[in-house]
Novice: 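Okay, handing you the structure first.
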2 protein chains.
Amino acid sequence: MSEGVEWALHSCLNLSWLPPGQAIPTAKLAAFYSLPAAYLNKQLQALGRAGIVSSISGPRGGFQLARNPEHITLLDVVVAIEGPDEAFRCDQLLKQGPGADPDVDYRQACLISQAMRRADLAWRRTLAEQTLADLKTDVERQYPASESNTLNRFAALRA
Amino acid sequence: MSEGVEWALHSCLNLSWLPPGQAIPTAKLAAFYSLPAAYLNKQLQALGRAGIVSSISGPRGGFQLARNPEHITLLDVVVAIEGPDEAFRCDQLLKQGPGADPDVDYRQACLISQAMRRADLAWRRTLAEQTLADLKTDVERQYPASESNTLNRFAALRA
DNA sequence: GGATAACTACTCGGATAACACATGTCCGAGTTAGCACGG
DNA sequence: CCGTGCTAACTCGGACATGTGTTATCCGAGTAGTTATCC
């Protein structure tokens, strides 16, 4: 899995602490973790295409969450960056084997494919069960200084 | 995930139908699905290093399962090919952020990392719950001709 | 006829290229804030 | 003083290089079976 997922998750969490209506440019989000700004921008574009963040051009512009953290699951973010394909892709090897039926879709019929899909669904379900709001709440509970640290850091970068 | 996983799973299943003590060379396993033999050999080597299959050199040589199908889980095969690392790797971005403690291992402390690990564990658990023997039983039940098809194909290739 | 030794064919195993995707970088289009100017 | 038009800086967005890991291939080391030879 590409590291862009980690960047996107941390950035979304930081965005969730902003007052509504305020946007943060890529450069500041990147400076937060000393990341290459141009590449982080690429990931944020992907989040934008997925409808997770919205972008504003020009001065005072930047990115902000496009909807409430309660309605953003970890799966949404992962899919936005990694794409919708499941990790295991079935190339329908059985079509090359003996007794193969050309009309059968072995991505459905192959029991190996089914077993792998079961695992993939378990993974997706676990990710979909957690929203960004849940994560935010947990972080605030365990590390109470996080929110103010984040906002202070953004304020300092604003200078 | 690399396609070698799919090849390995199908090959292990085919190997599970062989009478005990009999080995099949890479070339025949590859011909089964029209795969490149040299590359499939690479995957089988990985299975060998993981102790899932054992190899025999020379004429009448080849590969065979190293232990009973009941003791080979799908997770074993996936890990043998893909390696033990989990899909999401935490680069400890928080170490670069404000209020970071250099002595903390954020792979453990970071709640994002924990959430992703939870999903990864759900995936691994699902894979570990299914053994090659389970898969073999299911296939034999749903496609009764599979076993004989496989053995016949091997016999034909033997010529 | 039997045992032995060399030979041959076959198989794995790791070292070696070719390719694809993730990673990283750059500059242009569009937008907004600030400013200067005129009324 | 206030309204208006201009300028300039800032931001995103997509097009363009680079690096690393997967995909694919090849040839050498080792082994077992076979055969020919000798006792």
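Just so we're on the same page: letters track the sequence lines, and every chain starts at 1. Quick caveat: nothing in here was measured; it's all calculated off a predicted structure. Side chains included, hydrogens not; waters and symmetry mates left out as well; all remaining heavy atoms used.
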Novice: Output the single nucleotide from D/dT23, C/dT23, C/dC12 whose closest atom is nearest the side chain of B/F63.
Specialist: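 Nearest nucleotide to the side chain: C/dC12.
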Novice: Would you call the rings of A/F32 and A/F154 parallel, tilted or perpendicular if under 30° counts as parallel and over 60° as perpendicular?
Specialist: tilted
Novice: Using only side-chain N and O atoms of A/S55, determine if any of them is under 4.0 Å from OP1 or OP2 of D/dG13.
Specialist: yes
Novice: So which atom in A/D101 and which in A/Y106 form the shortest heavy-atom distance, rounded to 0.1 Å?
Specialist: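 Here A/D101 and A/Y106 meet closest at N-OH, 3.0 Å.
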Novice: How long is the straight-line distance from CD1 of A/I72 back to CG of A/L65, given to the nearest 0.5 Å?
Specialist: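 Output value for this atom pair is 4.5 Å.
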Novice: So how far is it from A/E147 CD to A/N152 CG, rounded to the nearest 0.5 Å?
Specialist: 10.5 Å
Novice: Got a sec: does the CZ of B/R125 have more than 12 other heavy atoms crowding it under 6.0 Å?
Specialist: no
Novice: How close or far is atom P of C/dT23 from atom CZ of B/R89, stated in whole angstroms?
Specialist: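 To the nearest whole Å, that distance equals 6 Å.
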Novice: For B/L29 and C/dT11, what is the distance between atoms CG and P respectively, to the nearest whole Å?
Specialist: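 After rounding, the reported distance stands at 12 Å.
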Novice: Could you tell me whether the side chains of A/D134 and A/T131 share a donor-acceptor contact shorter than 3.5 Å?
Specialist: yes
Novice: Starting from P on D/dA32, measure out to CD1 on B/I56 and report it in whole angstrom.
Specialist: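 About 9 Å, once rounded to whole Å.
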Novice: In Watson-Crick or G-U wobble terms, both distances under 3.5 Å, what is the partner of C/dT23?
Specialist: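 Base-paired to D/dA17.
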Novice: Looking at B/T26, does any N or O in its side chain come under 4.0 Å of the phosphate oxygens OP1/OP2 on C/dC12?
Specialist: yes
Novice: Between B/S2 and B/S57, which residue's closest nucleotide on DNA chain D lies nearer the 5′ terminus?
Specialist: B/S2
Novice: Just compare C/dT11, D/dT23, D/dG33 and give me whichever is closest to any side-chain atom of B/P25.
Specialist: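 That would be C/dT11.
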Novice: Below 4.0 angstrom, which residues in residues 33-51 of chain A have at least one non-hydrogen atom near DNA chain C?
Specialist: A/P36, A/A38, A/Y39, A/K42
